[in-house]
Structures are given as C-alpha cells and as structure tokens.
Amino acid sequence: MKEKLQKLSEEAFEAIKKATDTQMLNDVRVSFLGKKGSLTGLLKGMKDLTAEERPKIGQLVNETREKIEDEMAEKKLKLERSARQKQLISEVIDVTLPSPKIRAGHPHPNTVALEEVERIFVGMGYEVVEGPEVEFDYYNFEALNIPADHPAKDEQDTFYINKDILLRTQTSSVQIHMMEGGKVPVRMIAPGRVFRSDEVDATHSPCFHQIEGLVVDEHVTMADLKGTLESFAKEMFGEDIKTKFRPHHFPFTEPSAEMDVSCFKCGGKGCRFCKQEGWIEILGCGMVHPHVLEICGIDPEKYTGFAFGVGLERIALLKYEIDDMRLLYENDERFLSQF
Ligand code: DAH
C-alpha cells in the first residue's frame, strides 16, 4: 500500500508538472483526486488491511492527498500568472499610433436646400408649419376648388387609401388647414412629402417634397406676391438673376402664374442646363381664389392672399447642378459626400 501511494504521488507530481494550462491541471485533479480517481481507488483497498495498519495508512493517504493538493494550488497560481502576463503583452496599446479618423456624416442636399428656403422665409416673418401626409380628399382636392372630374383625381395619378382618404399629392392641402375656421392673418411656409403615382425616372419619383407658401391678410396684392418671390429667388440663386411670371392655371388661385428664373449657369444665353431656353421654371403661384377663402370661412371682400408651391428636389437639383433626381434617393455615400 505504501509503495502504491508513493508511486501514485510521483505520478501525480509528474502530471502536474506537465500541465500547461488550468484546464489540463483540472483534468489531473479529476484523474487523481476525483470520485473515480486513482487515490479514491486506492482507498477501496483499505478494507483488506489489519486494524493496526488502517489508521497509519489512512493518515498516509491524507498526507498524500494534501501534498498533491498543495502542489496543484501552487501550479495553478503559476499558470494563472503566466496567462495574465501573456494577455498583458498581447493587448498592449500603442498610444503613439494615429487614431482612425472619425467619419462624421452631413446633411442631405434636400435638407441643405430646405434649410436655406426656411431661413429666407423666416427672415421675412413667415412661420414654418407641417400638415398630414395621409389626407382627406377634402383638403387635397375639394376645398382647393379642384372639381371631381379633374385629371389629378384619377387613380392613375393619386394613391388612394379609400374613397375619401389618400396620400396628399401636394402641400397645398396645408393651406386649408391653416385657413379653415377663418383664421387670419396667415403667413406660412409648409414643407413636406407629397406622393404621386409616377414611374421613377430622372425627373419623377412617386414620393418627393414641396414647400407651400401662403399669405392671407387685408390688402395683399399681386405686387406683394411678385416682390416676395423675387426676393426669395435672388437670395436663393444670386443677386444677378432675373425673374419672369408666365400666366398659368391652378384651380385654387386666380390669377395664377409660373415663375421662371434666368439661368444662373449661362446668365440667360442658353445652355444644356436650361435646355437652351435661358430660363428655368421654379414654382407655381397665384392669388388665393375667392372661393377657397369662402370655403374656409374668410370674407373675400375683406381679405386677399397669395400662395405658391415650390418643388424642393427641383431647387436642390438646380442649386447643386445634379441632373438625375434618383441620385437624391439612392443614398450612395460617394454621391452624398460631395455636398
Ligand atoms: N400645388 C401645385 C402643384 O403641386 C403647386 C402650386 C401652384 C401651389 C400654385 C400653389 C400655387 O400654392 O399657388 O403643382
């Protein structure tokens, strides 16, 4: 028995010495000291010993166990220390290396153009408001004097949710929200998304943005409209540009017009940018139709107003000389990072 214990102890020490990590060391513990380990196996032989031998051998077994355990504890400490050492070396941080550049994003061209438009109109005393994108037919068409058989109301052109509810096709609907109940005076711009059932191409998208403008007060005239929009155009595109108003038709304004600006690329001589015209159309406008004022409970004999609608993408494309609208929506960083 003594010899067996001696041999087991030597084997255990040898195994401990060979262990190169804590996992291996744990295997050694299980195979020598565990429930089914060699030392436990030896203990089973105790029953064959005489009564005098038993306590002596028992003590010897305990001593052997303690010796092995001590040796293991010491080895464990050593292994842990060297593992920590290795980790410290491998995780060393060289604080003198240059750090990777932080890549900050920046505003989308649409946002930059919108903020510029807002800045200009807020400077003239306008408030910036928003209206719903999902809208009643009443606000988008009916109250704007657009008759039931108007082509814009066709399912080909408008996304309907049901008979009475749709995705607004124009921000002009916000005019009604601002005026209904006879709330005057009004001096607002309303930017936002609009939706039309259009195929995607270089100049069309089923979702784009408009900025609506509306002024209603006593003594508002066409001269106010022209002066305001001319100041806006000059601030937006440069002091040297000229503006031109062409008669047009919109159901909710009378008279109505479209405003062109002289091409800021060629100065009006004609180029690829203005399609050789020298002029670029940038918005629709007009004097608020008396019937629209009436529908909103405003007395057209006392109050008059003007309104305008600008396509935000159109402004952004012109200002940044981008010739395909799709680029604005693809969010390709190589494109966006140029602005
Ligand atoms: N809502 C018109 C459109 O989508 C644009 C417009 C024209 C708005 C004339 C106006 C306006 O306020 O007076 O084509």
Side-chain angles (χ1 to χ4, degrees), residues 114 117 121 126-133 135-147 150-154 156-159 166-180 186-198 203-217 220-230 232-233 243-261 280-293 295-296 298 300 303-315 325:
L114 175 59
V117 174
F121 280 101
Y126 287 59
E127 65 173 320
V128 180
V129 302
E130 275 181 37
E133 291 172 4
E135 187 58 281
F136 287 105
D137 177 286
Y138 175 78
Y139 290 92
N140 195 79
F141 292 127
E142 200 181 319
L144 285 166
N145 214 20
I146 298 172
H150 194 278
K153 292 197 70 172
D154 200 287
Q156 299 278 314
D157 297 305
T158 299
F159 293 113
L166 43 79
L167 298 185
R168 69 175 174 193
T169 62
Q170 49 184 357
T171 46
S172 302
S173 53
V174 187
Q175 290 189 30
I176 307 302
H177 286 287
M178 290 303 282
M179 290 189 288
E180 72 180 345
V186 180
R187 188 171 269 102
M188 66 102 186
I189 57 167
R193 252 179 223 125
V194 299
F195 307 86
R196 292 187 194 174
S197 180
D198 279 330
T203 54
H204 292 86
S205 160
C207 169
F208 59 102
H209 301 76
Q210 289 185 331
I211 305 160
E212 194 75 13
L214 176 69
V215 174
V216 184
D217 206 343
V220 176
T221 69
M222 189 94 184
D224 297 315
L225 178 157
K226 289 183 76 173
T228 303
L229 293 179
E230 192 171 309
F232 159 66
T243 54
K244 176 170 87 173
F245 290 80
R246 276 180 294 101
H248 201 79
H249 170 75
F250 296 104
F252 41 90
T253 44
E254 182 58 36
S256 305
E258 277 187 334
M259 184 175 87
D260 296 346
V261 294
I280 299 169
E281 180 231 312
I282 63 159
L283 57 82
C285 59
M287 299 305 291
V288 180
H289 198 295
H291 189 221
V292 174
L293 292 173
I295 289 174
C296 294
I298 297 169
Y303 291 97
T304 48
F306 67 82
F308 54 91
V310 191
L312 176 60
E313 279 79 0
R314 191 160 172 76
I315 302 270
M325 186 165 162

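Both ligands and their constituent atoms are indexed starting at 1 by order of listing.
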### Identity and separation of the nearest protein heavy atom to atom 12 (O) of ligand 1
E212 OE2, 2.6 Å
### Parallel, tilted or perpendicular: ring planes of F121 versus F308, cut at 30 and 60 degrees
parallel
#### Entry: T169 N/O to ligand 1 N/O under 3.5 Å
no
### Query
Has ligand 1 got any nitrogen or oxygen that is less than 3.5 angstrom from a nitrogen or oxygen of A307?
yes
### Task
Starting from atom 1 (N) of ligand 1, locate the nearest protein heavy atom and write down its residue, its atom name and how far away it is, to 0.1 Å.
Q170 OE1, 2.7 Å
### Message
I'd like to check which ligand 1 atoms, numbered from 1 as shown, lie under 4.0 Å from a non-hydrogen atom of G309.
### Response
6 (C), 8 (C), 10 (C), 12 (O)
### Message
Counting only heavy atoms not in R246 (residues, nucleotides, ligands), do more than 12 fall under 6.0 Å from its CZ?
### Response
yes
### Task
With heavy atoms of S172 as the reference, note each atom of ligand 1 found under 4.0 Å away.
1 (N), 8 (C)
### Query
How long is the gap from CG on L214 to NE2 on H177, to the nearest 0.5 Å?
13.0 Å
### Task
On the 0 to 90° scale, with breaks at 30° and 60°, tag the F136-Y139 ring pair as parallel, tilted or perpendicular.
tilted
#### Entry: Interatomic distance, I146 atom CD1 to S172 atom OG [nearest 0.5 angstrom]
7.0 Å
### Query
Does H248 come within less than 4.0 angstrom of ligand 1, counting non-hydrogen atoms of the residue?
no
### Message
Quick test: of every protein heavy atom, which one is nearest to atom 11 (C) of ligand 1, and how far off is it to 0.1 Å?
### Response
F252 CE1, 3.5 Å
### Message
Quick test: of every protein heavy atom, which one is nearest to atom 14 (O) of ligand 1, and how far off is it to 0.1 Å?
### Response
R196 NH2, 4.0 Å
### Message
Considering both backbone and side-chain atoms of F308, is one of its nitrogen or oxygen atoms within less than 3.5 Å of a nitrogen or oxygen in ligand 1?
### Response
yes
### Task
Check ligand 1 against T253 and write out every atom of the ligand that is under 4.0 Å from a heavy-atom position of the residue.
13 (O)
